[in-house]
Amino acid sequence: MAMDRMMKPSCPTTSDPYGGDYKQGLHVTGSDRIGGGGFTIAGDRIEAATMITAAATTGGTIHLNGIMVSDLPQGLTHVLQEAGIMLGDDFNAGVRAVPHGPLRAVTAATGPHPGLPTDTAPQLAAMLTQAHGTSLISERVYPRRDTHVTGLRAFGADISSTGPTIHVRGPVRLTAAQVEAADIRAVTALLIAALAAEGTSTIRGVYHLRRGYGRLLANLVALGADITTDAEA
């Protein structure tokens with residue numbers, strides 16, 4: 001999930017961590033010359049969260065290269081661990097996610113970094129259909145983060161939304177469905193549900209994945225998922 005790139009750094013920057021005269025912020029001072037530099041781009045945290053929740057929903061363990069636990073927002077790691085997923089850095093410079101017993105219900109709220117990313121809430125909801133108890137996910141960033149609810153219900157999920165809060169009761173037996181997603185996060189939630197459902201599901205709107213994932217389907221297939229794609233009209 002990581003790439004090495006050679007980039008030119010921006011002009012010199014300063015920041016005041018103590019909130020003195022500069023207050024809080026990033027301050028850039030212009031320069032008449034800049035030099036080259038090298039850095040490693042960390043793995044994408046949303047893709048990592050999607051893969052971890054997909055594996056946990058199906059009762060699996062996963063290792064992700066190119067990203068460390070410290071690269072993930074604390075709000076995300078806290079919720080995953082509360083749900084019963086053990087996270088640790090592997091010796092091969094990657095994250096290993098291992099379910100520790102049955103998944104457990106959680107109460108969570110999205111927020112700005114380092115909180116729980118709003119772009120992981122639908123995937124989390126799909127995973128929590130297999131957790132024991134009633135989970136609550138409150139949305140505090142994006143006002144309409146519930147486009148996945150109707151689709152998950154089609155799989156048999158016990159899920160509802162009240163204002164900004166999603167209620168998920170589990171565990172439930174999911175069965176195959178024909179569904180359509182209106183956005184990228186809904187697609188990922190429905191894809192995770194389909195992986196855990198009995199039977200063959202059809203999901204329309206998978207083209208939304210191109211907005212934010214490079215090899216999500218290929219990576220899932222590499223883990224054993226049975227996925228085929230057809231051109232959408």
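- Seen from the ring of Y142, R145 counts as a face-on cation partner, given the 6.0 Å and 45° thresholds.
- When atom types are taken as modelled, the side chain of D89 and the backbone of V69 share a donor-acceptor pair closer than 3.5 angstrom.
- Proximity of L174 to T129: side-chain heavy atoms (C-beta onward) are separated by under 4.5 Å at one or more points.
- Annotation: the span from S160 atom OG to L152 atom CG amounts to 11.5 Å, rounded to 0.5 Å.
- Scanning both residues, T50 and L216, for their nearest heavy atoms gives CG2-CD1, 4.0 Å.
- In this structure, CG in D230 is found 9.0 Å from CZ in R204, a value given to the nearest 0.5 Å.
- One finds the CD1 atom of I166 at 7.0 Å from the CD1 atom of I137 (value rounded to the nearest 0.5 Å).
- Put simply, the side chain of T120 never gets that close to the backbone of L116: no donor and acceptor are under 3.5 Å apart.
- Put simply, the side chain of M51 reaches to within 4.5 Å of the side chain of L220, judged on heavy atoms.
- Between the side chain of E139 and the backbone N or O of V141, at least one donor-acceptor pair lies under 3.5 Å.
- When side chains are defined from C-beta on, D158 does not count as touching H167, because their heavy atoms never get closer than 4.5 Å.
- Within a 6.0 Å radius of NE2 in H100, no more than 12 heavy atoms belonging to other residues, nucleotides or ligands are found.
- The closest donor-acceptor contact from the side chain of D44 to the backbone of E47 lies under 3.5 Å.
- We find the CG-OG1 distance between L217 and T229 to be 7.0 Å, quoted to the nearest 0.5 Å.
- A side-chain donor-acceptor contact under 3.5 Å links Q130 to the backbone of V172.
- H63 pairs in a side-chain contact (heavy atoms from CB on, under 4.5 Å) with only one of the listed residues (V95, V98, D90), which is D90.
- Applying the side-chain contact (heavy atoms from CB on, under 4.5 Å) test between S161 and each of T150, V168, D146 identifies D146 as the sole match.
- Taking each heavy atom of P73 and G115 in turn, the nearest pair found is CB-O, 3.4 Å.
- When hydrophobic clusters are built by joining Ile, Leu, Val, Met, Phe, Trp and Tyr residues whose side-chain heavy atoms come closer than 4.5 Å, directly or via intermediates, Y207 is not grouped with I46.
- Contact record, P122 with A189: O-CB, 3.4 Å, taken as the closest heavy-atom pair.
- Between the CG atom in L136 and the CG atom in L128 there is a gap of 10.0 Å [rounded to 0.5 Å].
- Under the 4.5 Å side-chain heavy-atom criterion for Ile, Leu, Val, Met, Phe, Trp and Tyr, L87 and V79 are members of the same hydrophobic cluster.
- I159 places a side-chain heavy atom less than 4.5 Å from the side chain of R153.
- Contact check for T202 versus V179: no side-chain heavy atoms found under the 4.5 Å cut-off.
- Atom CD1 of I41 is separated from atom CD1 of I67 by 12.5 Å, given to the nearest 0.5 angstrom.
- T110 contributes a side-chain N or O that, together with a main-chain N or O of R140, makes up a donor-acceptor pair within less than 3.5 Å.
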* T134 and T107: side-chain contact (heavy atoms from CB on, under 4.5 Å), yes or no, with the steps? -> CA-CA 9 Å; T134 299; T107 297; over 6 Å; no
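- T147 is not listed as a side-chain neighbour of R185, based on a closest heavy-atom distance of 4.5 Å or more.
- Between Y213 and T188, the closest side-chain pair of non-hydrogen atoms falls below 4.5 Å.
- Within the 4.5 Å cutoff, the side chain of T61 has heavy atoms near those of the P99 side chain.
- If you chain together hydrophobic residues whose side chains sit under 4.5 Å apart, M86 and L124 never meet in one group.
- Residues L195 and A225 approach most closely at CD2-CB, 3.7 Å, considering heavy atoms.
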* To do: With side-chain contact (heavy atoms from CB on, under 4.5 Å) as the test, would you mind laying out the steps for I227 and L191 before giving the verdict?
  => CA-CA 10 Å; I227 301 174; L191 180 57; 4.3 Å; yes
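- When all heavy atoms are compared, the tightest approach of H148 to A186 is CB-CA, 4.0 Å.
- Environment of CD in Q81: crowded, with over 12 heavy atoms of neighbouring residues, nucleotides or ligands closer than 6.0 Å.
- No donor-acceptor distance shorter than 3.5 angstrom exists from the side chain of H132 to the backbone of L103, with no hydrogens or angles considered.
- Under a 3.5 Å cut-off, the side chain of S201 and the backbone N or O of Q178 do not form any donor-acceptor pair.
- A salt bridge is absent between E82 and R104: the closest approach of a Lys/Arg side-chain nitrogen to an acidic carboxylate oxygen does not fall below 4.0 angstrom.
- F155 approaches A193 most closely through the heavy-atom pair CD1-CB, 3.8 Å.
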